[in-house]
Amino acid sequence: MIDYKSLVWEGLLDLSAYVPGKPVKELERELGIKNIVKLASNENPYGASPKALAAIKEYEKEITRYPIGDSFYLREEIAAFHNVDIDNIVCGAGSDEIIQLLYMAFLTSDTHALAPSPSFSEYELLARGLKSSCRWVETNEDFSINFENLLNAVNAKTRFIMLANPNNPTGTMFSSTEFISFMDRLPENVLVVLDEAYIEFAEGDFPDAVNLMKKYNNLMTMRTFSKAYGLASIRCGYLVADKECISLINRIRPPFNVNAAAQIICAEAIKDQEHIKNVVVLNKKGKEYIYNEVEKLGLEYVKTHANFMLIKVGDGKKVFDEMLKLGVIVRFLGGKRLQEYIRVSIGTEQENQVFINALKKVLNK
Ligand SMILES: Cc1ncc(COP(=O)(O)O)c(C=O)c1O
């Protein structure tokens with residue numbers, strides 16, 4: 001028998017696999033019940049644009065051949081949407097892959113990324129997987145980003161700053177004024193990744209990343225089709241950045257990294273902004289319903305700019321476990337700051353009602 005553990009690089013044994021939100025089918029299997037409600041992965045409960053889904057017919061014709069290697073036609077649509085050149089864009093198998101490609105290209109074992117905490121855990125896992133690191137910088141008490149602390153944490157070895165706006169798991173957002181003041185004070189060779197996975201849901205004043213790139217050459221923005229577009233299983237995200245940055249990433253990007261279904265369906269999805277508008281309106285209604293119900297229960301929560309929210313429930317892990325038994329999957333993130341919270345994705349009207357009823361039951365309210 002081979003001792004595989006003895007063959008891996010030092011550090012791999014300290015890593016644990018990313019734990020995604022529990023799949024519905026898994027809980028069905030475990031509990032032997034149906035009608036499970038999953039509000040754990042910030043998916044869009046209303047689904048994808050019907051126009052995008054109709055494009056599956058086109059995909060059927062392409063299934064036997066390798067996909068287009070550089071996602072040309074999809075990049076063409078993305079470029080038109082953002083009013084940038086096609087060479088400013090690279091597509092990936094989800095924004096997860098974009099983060100990995102960026103890290104592979106620019107992060108070394110003696111440089112690091114920085115990110116506000118709490119934020120998306122993959123910023124750290126992917127860095128560690130590449131024998132580097134992501135250092136977490138605490139946010140303020142209300143989870144807003146402390147840009148002063150972030151700037152103070154920057155040193156000559158800082159290669160990336162990863163900023164999700166709106167942030168996961170807090171739903172908080174920073175303004176363009178705060179961001180511009182931060183960018184003005186940041187050394188130019190620190191690369192700033194604005195992760196806009198939830199930007200479609202944001203309201204108010206937030207940085208116009210693509211426009212700001214004209215001023216800040218170290219700024220790039222990442223988007224995904226997994227959230228507002230309702231295409232999480234397709235695995236497709238993209239990066240808008242400086243052309244040289246994109247061309248360097250292309251040297252390490254695996255050929256055919258974005259499958260043909262994703263390329264064809266996402267190219268249609270991005271053209272259907274009416275669908276996104278409708279999703280955003282429905283999300284807002286759902287959000288207000290949950291705010292209202294949670295307030296009636298006397299619970300604290302964090303106001304959100306995304307399609308999920310943090311609710312302070314006491315023992316977060318216990319509430320998460322009890323909700324599972326009732327067939328409602330939410331997320332417990334734990335860590336230093338979130339022991340007392342659950343994160344719930346905003347679902348359909350009916351799913352939100354099921355969630356609130358389950359929460360009342362679990363909290364004996
Ligand atoms: C902030 C943030 N960025 C990136 C991702 C990755 O999304 P995907 O790989 O599905 O594009 C997620 C997923 O939850 C996220 O919350």
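When a ligand or atom number is given, it counts from 1 through the structure's own listing order. All values below come from the heavy atoms of this structure, side chains included, with hydrogens, waters and symmetry mates left out.
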Under 4.0 Å, heavy atoms only, figure out whether ligand 1 is touched by the backbone of Arg235, its side chain, both or neither.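 Near ligand 1, Arg235 shows its side chain, while the N, CA, C and O stay back.
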Please state which part of Asn168 comes within less than 4.0 Å of ligand 1, counting heavy atoms only: side chain, backbone, both or neither.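 Asn168 to ligand 1: side-chain contact only, backbone stays beyond 4.0 Å.
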Determine the interplanar angle of the Phe147 and Phe174 rings, folded into 0 to 90°, and report it as parallel if under 30°, tilted if 30 to 60°, perpendicular if over 60°. perpendicular
With heavy-atom distances below 4.0 Å as the criterion, list the atoms of ligand 1 near Ser226. 8 (P), 10 (O), 11 (O)
Which ligand 1 atoms, with their elements, are less than 4.0 angstrom from a heavy-atom of Tyr198? 1 (C), 14 (O), 15 (C), 16 (O)
Of the protein's non-hydrogen atoms, which lies at the shortest distance from [atom], and what is that distance?
atom	value
atom 14 (O) of ligand 1	Lys227 NZ, 2.9 Å
atom 6 (C) of ligand 1	Asp96 OD1, 3.3 Å
atom 12 (C) of ligand 1	Phe120 CZ, 3.4 Å
atom 2 (C) of ligand 1	Asp195 OD2, 3.4 Å

With atom 7 (O) of ligand 1 as the reference point, say which of Ala197, Ser95, Gly21, Ser41 has the nearest heavy atom. Ser95
Give yes if a backbone or side-chain nitrogen or oxygen of Asn42 is under 3.5 Å from a nitrogen or oxygen of ligand 1, and no if not. no
Does any N or O atom in Tyr123 lie less than 3.5 angstrom from one in ligand 1, N or O only? no
Hey, is Lys325 close enough to Asp321 for a salt bridge, meaning N to O under 4.0 Å? no
Are more than 12 heavy atoms from other residues, nucleotides or ligands located less than 6.0 Å from atom OH of Tyr73? no
Can you tell if the side chain of Phe320 reaches within under 4.5 Å of the side chain of Tyr341, non-hydrogen atoms only? no
Test side-chain hydrogen bond (donor to acceptor under 3.5 Å, both in side chains) applied to His112 and Ser132, step by step: CA-CA 6 Å; His112 61 257; Ser132 183; over 6 Å; no
How far apart are the closest heavy atoms of Lys303 and Tyr291, and which atoms are they? CA-OH, 3.4 Å
Any side-chain donor paired with an acceptor under 3.5 Å for Ser247 and Arg251? no
Do the numbers put Arg159 on top of the ring of Phe106, so that NZ or CZ is under 6.0 Å from the six-membered ring centre and no more than 45° off the axis? no
